[in-house]
Amino acid sequence: MDTLVWDGIFFVDSLADYDFIRHSSYVLHILCTGGNMSFMFQDIRYNVTCGDYVILPTTSLASDFSESADFSAIIMGLSEPFVSSMAIRSNYGIAGHLALLQNPVMKLSPYDFRICREDMQRLRERLERHDHLFHKEMIGNLLTAHILDLYDIHARCHKTMQIPERAASLLRHFIELLYKGEYTHSRSLSHYASMLCVTPHYLSEVCRKASGCPATYWIDRFTLHHIMRLLCQKHLALKEIADELGFSSLSYFSRYVQKHTGMSPSEYRNSIAHSFSEQ
């Protein structure tokens with residue numbers, strides 16, 4: 001049973017209670033407190049054990065969740081508008097977001113695990129205190145403290161520095177374009193730079209400084225995830241997939257997939273079928 005506040009923050013007792021369709025745009029937080037679980041995120045399998053903290057910036061890129069019989073966790077959903085309304089005075093959010101797209105699992109030290117568990121337990125407990133005269137402000141401040149704890153943990157582990165406001169704003173708009181599927185229209189770096197009113201070199205350098213990867217890496221990553229998801233749908237012809245992703249020809253589509261995966265689209269599709277037959 002979940003507890004909602006302004007449709008912005010809620011907790012559930014298990015992943016089975018999480019409505020992935022209704023809350024597909026929410027950021028999913030999972031603090032594993034016992035047992036283990038696994039899931040796919042952007043075509044990579046992640047294994048989670050006790051003491052790990054998972055942050056999925058979007059559940060649309062995640063699938064195939066499985067849990068051990070003794071799995072337990074504190075599970076929280078946050079809406080982006082609710083977090084944005086808190087106006088946290090730090091540009092670390094977008095750098096952290098990019099890092100989480102590369103690896104959504106944080107391995108916590110015993111101290112950091114205790115801090116995060118206490119933060120989330122207190123949030124859940126106070127979320128139910130609707131008689132508090134300053135309920136919204138109280139929840140907002142408790143959540144701010146938890147997010148800043150997460151920023152601190154993540155920044156210490158990844159040695160990520162703060163980035164200037166202009167660069168942070170540029171990155172937010174760039175990633176937003178990718179989430180909206182702009183890569184189905186163009187995968188050209190100059191296309192995105194033009195839309196964002198900067199030079200291709202500047203856009204790529206800002207991405208590299210914030211994430212360690214150039215802008216083309218992110219364009220290709222979102223594109224490939226979409227391709228792999230469609231290749232799993234065996235009823236779709238390769239030409240249909242190529243057309244949906246905006247490739248000018250099937251041969252160009254095949255070369256793109258071969259270049260980035262080392263396999264042709266047909267080979268990748270067959271490898272998926274083979275892996276399922278072995279399960």
Side-chain angles (χ1 to χ4, degrees), residues 24-25 27 41-44 55-62 79-81 83-84 86-104 106 147 150-151 154-230 241-249 252-262:
S24 61
S25 62
V27 180
F41 185 73
Q42 290 202 335
D43 309 303
I44 298 174
I55 303 179
L56 296 176
T58 172
T59 56
S60 64
L61 301 178
S79 74
E80 280 290 350
V83 175
S84 298
M86 293 156 48
I88 297 175
R89 298 178 62 183
S90 171
N91 290 327
Y92 185 77
I94 184 60
H97 186 99
L98 293 176
L100 291 170
L101 285 174
Q102 293 172 299
N103 183 354
M106 293 192 295
I147 290 175
L150 291 173
Y151 282 3
H154 197 269
R156 278 189 279 112
C157 292
H158 293 80
K159 296 182 172 60
T160 306
M161 303 298 291
Q162 291 278 5
I163 58 177
E165 175 58 36
R166 180 169 181 260
S169 177
L170 175 68
L171 284 173
R172 281 191 287 268
H173 285 100
F174 173 57
I175 294 300
E176 184 178 341
L177 287 173
L178 294 176
Y179 274 127
K180 289 180 177 179
E182 187 62 29
Y183 54 84
T184 63
H185 304 297
S186 177
R187 287 163 292 280
S188 164
L189 176 60
S190 60
H191 171 80
Y192 292 88
S194 177
M195 291 187 73
L196 297 167
C197 302
V198 295
T199 67
H201 176 75
Y202 181 76
L203 175 58
S204 199
E205 282 305 298
V206 167
C207 286
R208 195 186 301 275
K209 288 179 180 178
S211 68
C213 300
T216 51
Y217 166 88
W218 294 106
I219 298 168
D220 289 334
R221 179 144 190 175
F222 274 79
T223 303
L224 287 165
H225 173 74
H226 195 158
I227 290 172
M228 300 309 127
R229 193 170 73 245
L230 293 179
I241 298 174
D243 289 343
E244 181 170 332
L245 270 294
F247 286 90
S248 57
S249 67
Y252 177 32
F253 169 70
S254 297
R255 288 197 302 273
Y256 182 89
V257 175
Q258 180 78 42
K259 174 184 176 182
H260 290 92
T261 69

Kindly write out the residues that satisfy side-chain hydrogen bond (donor to acceptor under 3.5 Å, both in side chains) with [X], not counting sequence neighbours, or none if the list is empty.
X      : result
Ser194 : none
Thr58  : Ser60
Ser188 : Ser190
Ser186 : none

Exercise for review: Taking salt bridge (Lys or Arg N to Asp or Glu O under 4.0 Å) as the test, write out the residues that go with Arg208, two or more places apart.
Suggested key: Glu205

Revision key, fill the gap. Residue set satisfying salt bridge (Lys or Arg N to Asp or Glu O under 4.0 Å) with Lys259, at least two apart, ordered chain then number -> none

Grab the two heavy atoms, one from [X] and one from [Y], that are nearest each other, plus how far apart they are.
X      : Y      : value
Ala215 : Ser204 : N-OG, 3.5 Å
Leu177 : Leu196 : CD1-CD2, 4.1 Å
Phe41  : Leu100 : CE2-O, 3.8 Å

Review point. Going by the ring pair (Phe, Tyr, Trp, His ring centres under 6.0 Å) test, which pairs reach into residues 191-218, not counting sequence neighbours?
Key: Phe174-Tyr192

Point to revise | Partner residues of His226 under the ring pair (Phe, Tyr, Trp, His ring centres under 6.0 Å) criterion, sequence neighbours left out | key: Tyr183

Exercise for review: Could you pull out all residues at least two apart from His260 that satisfy ring pair (Phe, Tyr, Trp, His ring centres under 6.0 Å)?
Suggested key: Tyr256

Practice item. Would you sort out whether Val198 and Val206 count as a side-chain contact (heavy atoms from CB on, under 4.5 Å), showing the intermediate values? Key: CA-CA 11 Å; Val198 295; Val206 167; over 6 Å; no

Review point. Salt bridge (charged side-chain N to carboxylate O under 4.0 Å, His left out): which pairs involve residues 174-194, sequence neighbours left out?
Key: Glu176-Lys180

Practice item. Determine yes or no for a side-chain-to-main-chain donor-acceptor pair under 3.5 angstrom, with Ser211 supplying the side chain and Cys207 the backbone. Key: yes

Point to revise | Sidechain-backbone polar pair: Thr59 side chain, Ala62 backbone, donor-acceptor under 3.5 Å | key: no

Practice item. Using side chain to side chain contact (heavy atoms under 4.5 Å, CB included) as the criterion, list what pairs up with Ser169, not counting sequence neighbours. Key: Glu165, Arg172, His173

Exercise for review: Decide side-chain contact (heavy atoms from CB on, under 4.5 Å) for Ile227 and Thr261; before the verdict, give the C-alpha distance in whole Å, the side-chain angles of both, and the deciding distance to 0.1 Å.
Suggested key: CA-CA 11 Å; Ile227 290 172; Thr261 69; over 6 Å; no

Point to revise | Residues Leu150, Ile55; criterion side-chain contact (heavy atoms from CB on, under 4.5 Å); working and verdict | key: CA-CA 10 Å; Leu150 291 173; Ile55 303 179; 4.1 Å; yes

